[in-house]
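Before any comments, here is the structure.
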Amino acid sequence: AQTVTQSQPEMSVQEAETVTLSCTYDTSESDYYLFWYKQPPSRQMILVIRQEAYKQQNATENRFSVNFQKAAKSFSLKISDSQLGDAAMYFCAYKLGRGDYKLSFGAGTTVTVRA
Amino acid sequence: GAVVSQHPSWVICKSGTSVKIECRSLDFQATTMFWYRQFPKQSLMLMATSNEGSKATYEQGVEKDKFLINHASLTLSTLTVTSAHPEDSSFYICSASGGPRSYNEQFFGPGTRLTVL
């Protein structure tokens, strides 16, 4: 079974600063996808960024970028120029292959943004 | 992204009654839907995976007779909590995937908060 580990229960960042959330995973597969989801107080799950394992280039979406280290099975999320609206719980997730497979979620990291 | 709705958004019921939660994919055909349960400040726990027209696959430890899942069409899946008890109070989230619009991605509904008195 695949496991996803987020070792930081909470992180705090000053507005406009940068914060990095860590995620490690365990798999013996070579074809998989990794995701970061944001869950604000409304509890609606929002996809932040997606990384395909076969792509070496790190994914970026505006202020969000990842550091994907396949050999180390590490998938960290960097939030640059943090905004108050970034405050939420962030989940790292793993999905096997290119089909409608289930997601395995980490425990989550609560991000607080200080004004 | 595609839109997934859930109804109701919140429900309060008495212990011993059954509650049905609907999950609809509004603008795409969802061949697969997933049901999650989430307690406050915790992660999403997958309960079951349902494919249109076939029986749901339940995760270990999830009572299939208590949490009935039906995926009768490509746009609708339902979760029925039978004989609900206070310990079933939780936040239930569905997600949907399938077809080219959701390739390698699940689209999440807004969730349903269930409170059992």
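Per chain, numbering begins at 1; letters A, B, ... match sequence-line order. What's counted below: heavy atoms across the whole structure, side chains too, no hydrogens, waters or symmetry copies. A quick note: this is a predicted structure, and the numbers were derived from the prediction, not measured.
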Can you tell which part of A:Y101 gets under 4.5 Å to a heavy atom of chain B, answering side chain, backbone, both or neither?
-> backbone

When rounded to the nearest 0.5 angstrom, what distance separates OH in A:Y33 from CD in B:E105?
-> 11.5 Å

A:M45, part contacting chain B, at a heavy-atom distance under 4.5 Å = both

Residues of residues 72-79 of chain B under 4.5 Å from chain A (heavy atom pairs)?
-> none

Where is the tightest heavy-atom contact between A:Q44 and B:F108, given as atom of each residue plus distance?
-> NE2-O, 3.1 Å

Close approach to chain A in residues 36-47 of chain B, criterion heavy atom under 4.5 Å | B:Y36, B:Q38, B:F39, B:P40, B:K41, B:Q42, B:S43, B:L44, B:L46

Expected contact set for residues 66-78 of chain A against chain B at heavy-atom separation under 4.5 Å reads none

Heavy-atom proximity to chain B below 4.5 Å, by part of A:Q39 | side chain

Please determine if A:K102 and B:E59 form a salt bridge, counting it only when a charged side-chain N lies under 4.0 Å from a carboxylate O.
-> yes

By a 4.5 Å heavy-atom criterion (distance strictly below it), what part of A:I46 contacts chain B: side chain, backbone, both, or neither?
-> neither

Within residues 4-20 of chain A, which positions have a heavy-atom distance to chain B below 4.5 Å?
-> none

Which portion of A:F91 sits near chain B, non-hydrogen atoms under 4.5 angstrom | side chain

